[in-house]
Number of protein chains: 2
Amino acid sequence: MKRAAAGLTLDDYLPYRLSVAANAVSDLIAGAYHARFGLSIPQWRLVAVLGEDGPSTQQALCARTRMDKVTVSRAATALGERKLISRSPNAADGRSHRLGLTGEGQALYAEVAPSALAYEARLLEAFSPPELETAHGLLRRLELAAMALAAKMD
Amino acid sequence: MKRAAAGLTLDDYLPYRLSVAANAVSDLIAGAYHARFGLSIPQWRLVAVLGEDGPSTQQALCARTRMDKVTVSRAATALGERKLISRSPNAADGRSHRLGLTGEGQALYAEVAPSALAYEARLLEAFSPPELETAHGLLRRLELAAMALAAKMD
DNA sequence: CAGATTTAGTTTCAAATGAAACCTTTTGCC
DNA sequence: GGCAAAAGGTTTCATTTGAAACTAAATCTG
């Protein structure tokens, strides 16, 4: 990893590399899911989590998907309009809604999930399982380090 | 890497992990550079590349920084207004502008570059040099794989 | 060398984003 | 219980983003 005169090389600057790689992958995935299922990334994340974990509240979904509550609210509204999720009032708490996949939503999930995995598999063809394990670990640690540093800056 | 009933686990889905990690890091960096130097990420990338490689055209900067030409145009306008870069007409091609750091821009670069590295160092404190080497390699390969797959989808 | 095409860059427009204000219900706390 | 503070969601607003249309200059092609 060579560094230029002033010490900084954009290409070797990890926040840059990370951003570029993430954008390339995100654009690819976003395009695929929009074209195939009419889902935005926030919407697809909600479907994935509801399919995976079962019904939940928006607040829980925010924590689970690391998305803003505004983003979750809008994705939930859109999915509700498409009858992919139901939003029943939460008996336990009058402020919140209980979200769950409808039958149609479950059918979509059953189709989307394998497709997502197949797409991931194609993207990651050239990576060995240990490499992927390493990648996951590094990404998690990076995320934690960034959050820790952000917290330290208050 | 365990996978749920339907085979999909959001937490183990690499595009998701990548996006979350990149957002965490980007938000951190964006906040730091905005607070300290009043630079957006596109602006700071232009300053970094112009400081690193010397004068250039916008088109070259697009390729170099992987940013959209609209984004580069706007960042260049803003930096021009702050007199951090000069935009002289390009003798060789009447359509394009030659961009370069002004004296003030160079002074800023001389301050920003070490600060960026110091910040990166704090973020990456917990990573060993070989781990960072690995991370860079994996990110580059991911980026290439995503672009290759995108091209294949035309 | 005159038109057709491409390229550098800007502008316009519509969509996505998230911070802040807001409404409603719940939870402390006296 | 009653009132202040907090929490779940939604709405509003300002900002960011990039696709598409546009302008002007350069390059092909015949």
Side-chain angles (χ1 to χ4, degrees), chain A residues 19-20 22-24 26-31 33-35 38-46 50 55-81 85-100 147 150 154, chain B residues 19-20 22-24 26-31 33-35 38-46 50 55-81 85-100 147 150 154:
Chain A
S19 163
V20 169
N23 280 341
S26 266
D27 288 354
L28 182 72
I29 299 283
Y33 291 110
H34 178 69
L39 295 175
S40 68
I41 285 190
Q43 289 168 18
W44 126 253
R45 283 188 187 174
L46 291 196
L50 292 173
S56 180
T57 62
Q58 291 186 193
Q59 171 237 356
L61 290 168
C62 288
R64 186 73 175 69
T65 61
R66 302 250 161 232
M67 296 192 295
D68 192 84
K69 65 181 180 171
V70 178
T71 308
V72 169
S73 173
R74 289 197 265 242
T77 302
L79 292 173
E81 277 163 4
I85 65 176
S86 61
R87 320 179 79 194
S88 31
N90 184 354
D93 186 333
R95 292 166 300 182
S96 76
H97 296 131
R98 186 136 270 268
L99 309 190
M147 298 199 2
D154 4 304
Chain B
S19 162
V20 169
N23 280 341
S26 265
D27 288 354
L28 181 72
I29 299 283
Y33 291 110
H34 178 69
L39 295 175
S40 68
I41 286 190
Q43 289 168 18
W44 124 252
R45 283 189 189 173
L46 291 197
L50 291 173
S56 181
T57 62
Q58 292 186 193
Q59 171 236 357
L61 290 168
C62 289
R64 187 72 176 68
T65 61
R66 302 252 162 233
M67 297 192 295
D68 193 83
K69 65 181 179 170
V70 179
T71 308
V72 169
S73 172
R74 288 198 266 241
T77 303
L79 292 173
E81 277 163 5
I85 65 176
S86 60
R87 319 180 80 194
S88 32
N90 184 353
D93 187 334
R95 293 166 300 181
S96 75
H97 295 132
R98 186 136 270 268
L99 308 190
M147 298 199 3
D154 10 302

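The chains referred to below are lettered A, B, ... by the order of the sequence lines, with proteins before strands, and numbering in each begins at 1. All heavy atoms count here, side chains included; hydrogens, waters and symmetry mates do not.
Contact check, Ser40(B) against dT16(D): no side-chain N or O comes under 4.0 Å of OP1 or OP2. Distances shown here put a side-chain N or O of Thr71(B) below 4.0 Å from the OP1 or OP2 atom of dG18(D). Considering only side-chain N and O atoms, Ser73(B) lies nowhere under 4.0 angstrom from the phosphate OP1 or OP2 of dG9(C).
When each of dG9(C), dG8(D), dA20(C) is scored by its nearest atom to the side-chain atoms of Gln59(A), the top-ranked nucleotide is dG8(D).
Note on Thr77(A): nothing from the nucleic acid sits closer than 4.0 angstrom, heavy atoms only.
Put simply, the side chain of Ser19(A) reaches to within 4.5 Å of the side chain of Arg45(B), judged on heavy atoms. Contact check for Leu50(A) versus Leu61(A): side-chain heavy atoms found under the 4.5 Å cut-off. Annotation: side chain of Ser73(A) is not in contact with side chain of Met67(A) (no heavy-atom distance under 4.5 Å). For the pair Thr77(B) and Arg87(B), the minimum side-chain heavy-atom distance is below 4.5 Å.
Arg66(B) has its CZ atom 17 Å from the C1' atom of dG18(D), to the nearest Å. The separation between Leu61(A) atom CG and dG9(D) atom C1' is 13 Å, rounded to whole Å. For the pair Arg98(B) CZ and dA25(D) P, the computed distance is 19 Å after rounding to whole Å. Note: CD (Gln43(B)) to P (dT15(D)) measures 14 Å, nearest angstrom. As rounded to whole Å, 17 Å separates atom P of dT24(C) from atom CD of Gln58(A). Atom CG of Asn23(A) and atom P of dA16(C) are 16 Å apart (whole Å). Distance, Ile41(B) CD1 to dG18(D) C1': 17 Å, rounded to whole Å. Atom C1' of nucleotide dA19(C) and atom NE2 of His34(B) are separated by 13 Å, given to the nearest angstrom.
Interatomic distance, Ser56(B) OG to His97(B) NE2, rounded to the nearest 0.5 Å: 13.5 Å. Distance CZ/Arg64(A) to CG/Leu46(A): 11.5 Å, rounded to 0.5 Å.
Nearest-nucleotide assignment on DNA chain C puts the 5′-proximal partner with Arg74(B), out of Asp68(A) and Arg74(B).
Of the residues in residues 87-97 of chain A, those placing a heavy atom less than 4.0 Å from an atom of DNA chain D are Arg87(A), Arg95(A), Ser96(A), His97(A), in numerical order.
The closest side-chain donor-acceptor pair between Arg66(B) and Thr71(B), if any, does not fall under 3.5 angstrom.
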